[in-house]
Amino acid sequence: MKTLVAYNAYITLKGLKMNEASDETLTKLWENILALAPVSEELEKAEKIAKESLEDEEFKKMQERGQRLHGKMTKQGMKETPEDVIEGDELRKYFDAHNKKGEEFFAKTHDKEVKIALKKVNVKELMKLMKLNDKTLGDLEKLQIMIGE
């Protein structure tokens, strides 16, 4: 399964109140949380490191330039000077490249295949829990990797 699929299942499971689950289902879900946790923690750590590296000094300087330009444009009533146009173009190019770099990293990280053995859970039991927790079908879809029986 893809890392992001495992992460989404982990987050969804951790958010469920289990007071209505049978002991068997509760045990399986707990084992699944334990199996998914290392992948989820690794993803969060990788994203934090990537965010810190992407938000370096150059990024901060470009953000400040963008804020100054925005403030200037607001004060001038949106009258752009030729210099403002040039600076705006430079900022757009920088942030487009910066965003592309981030998107490539996250796509590569999220799409990484991981092998996790999950316990299969009865769909009716899982649906009952989803209803009790006011979860959506989208949330149930995040848990489809463990639906069985």
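For the single chain, residues carry numbers from 1 onward in sequence order.
- Once rounded to the nearest 0.5 Å, the distance linking CG of L26 with CE of M18 reads 6.5 Å.
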Exercise for review: Under the side-chain contact (heavy atoms from CB on, under 4.5 Å) rule, what do E47 and H110 come out as? Steps first, then yes or no, please.
Suggested key: CA-CA 10 Å; E47 287 181 346; H110 292 170; 2.6 Å; yes
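- Taking K119 as the reference, E31 meet the salt bridge (charged side-chain N to carboxylate O under 4.0 Å, His left out) condition, with sequence neighbours excluded.
- Under a cut-off of 6.0 angstrom, the local environment of CE in M62 is crowded, with over 12 non-hydrogen atoms contributed by other residues, nucleotides or ligands.
- N32 CG to T25 OG1: the interatomic distance, rounded to the nearest 0.5 Å, is 10.5 Å.
- Within the structure, ring-ring contact (aromatic ring centres under 6.0 Å, His included) contacts touching residues 3-43 (residues at least two apart or in different chains) do not occur.
- A continuous path of Ile, Leu, Val, Met, Phe, Trp and Tyr side chains, each step under 4.5 Å between heavy atoms, connects L13 with I147, placing both in one hydrophobic cluster.
- More than 12 heavy atoms of other shown residues, nucleotides or ligands fall within 6.0 angstrom of atom CD in Q63.
- Within the structure, ring-ring contact (aromatic ring centres under 6.0 Å, His included) pairs that include any residue of residues 119-147 do not occur (at least two apart or interchain).
- Contact record, G66 with L91: CA-CD1, 3.6 Å, taken as the closest heavy-atom pair.
- Scanning all heavy atoms of the two residues, the minimum distance from M146 to A9 falls at CE-CB, 4.2 Å.
- Note: the hydrophobic cluster containing V123 also contains V5 (ILVMFWY, side chain heavy atoms under 4.5 Å, direct or indirect links).
- The shortest side-chain heavy-atom distance between L140 and K135 does not fall under the 4.5 Å cut-off.
- For K108, there are no side chain to side chain contact (heavy atoms under 4.5 Å, CB included) partners two or more places apart in sequence or in a different chain.
- Residues forming a salt bridge (charged side-chain N to carboxylate O under 4.0 Å, His left out) with K131 (at least two apart in sequence, or on another chain): none.
- Considering CG of L137 and CD of E141, their distance stands at 9.0 Å, rounded to 0.5 Å.
- Residues meeting the side chain to side chain contact (heavy atoms under 4.5 Å, CB included) test with K45, sequence neighbours left out: I49.
- Proximity of a side-chain donor or acceptor of N122 to a complementary backbone N or O of K124 within less than 3.5 Å is detected.
- Atom CD in E24 sits 10.5 Å away from atom CG in L29 (nearest 0.5 Å).
- Hydrophobic clustering (side-chain heavy atoms under 4.5 Å, transitive across Ile, Leu, Val, Met, Phe, Trp, Tyr) keeps L143 apart from L132.
- Residue pairs meeting the salt bridge (Lys or Arg N to Asp or Glu O under 4.0 Å) criterion with at least one member in residues 1-12, sequence neighbours excluded: K2-E113.
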Cut-off 3.5 Å, no hydrogens considered: what does the side-chain donor-acceptor table look like for residues 51-61, sequence neighbours left out?
| from | atom 1 | to | atom 2 | distance (Å) |
| --- | --- | --- | --- | --- |
| S53 | OG | A50 | O | 3.0 |
| D56 | OD1 | E58 | N | 3.4 |
| D56 | OD1 | F59 | N | 2.9 |

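- Considering only residues two or more places apart in sequence or on other chains, F105 meets the ring-ring contact (aromatic ring centres under 6.0 Å, His included) condition with none of them.
- Residues satisfying the salt bridge (charged side-chain N to carboxylate O under 4.0 Å, His left out) test with E42, not counting sequence neighbours, are K112.
- By the salt bridge (charged side-chain N to carboxylate O under 4.0 Å, His left out) test, K142 is found to be paired with D139, residues two or more places apart in sequence or in another chain being considered.
- Of all heavy-atom pairs spanning I116 and A35, the tightest one is CG2-CB, 3.7 Å.
- A continuous path of hydrophobic side-chain contacts links I11 to I145 [ILVMFWY only; heavy atoms under 4.5 Å].
- Sorted by first and then second residue, the pairs that involve residues 90-106 and meet side-chain hydrogen bond (donor to acceptor under 3.5 Å, both in side chains), not counting sequence neighbours, are R65-E90, D89-R92.
- Minimum heavy-atom separation, A6 to S40: O-OG, 4.0 Å.
- Under the 4.5 Å side-chain heavy-atom criterion for ILVMFWY residues, a single connected hydrophobic cluster contains both M1 and I33.
- Rounded to the nearest 0.5 Å, atoms CG (L36) and CG (L118) are 5.0 Å apart.
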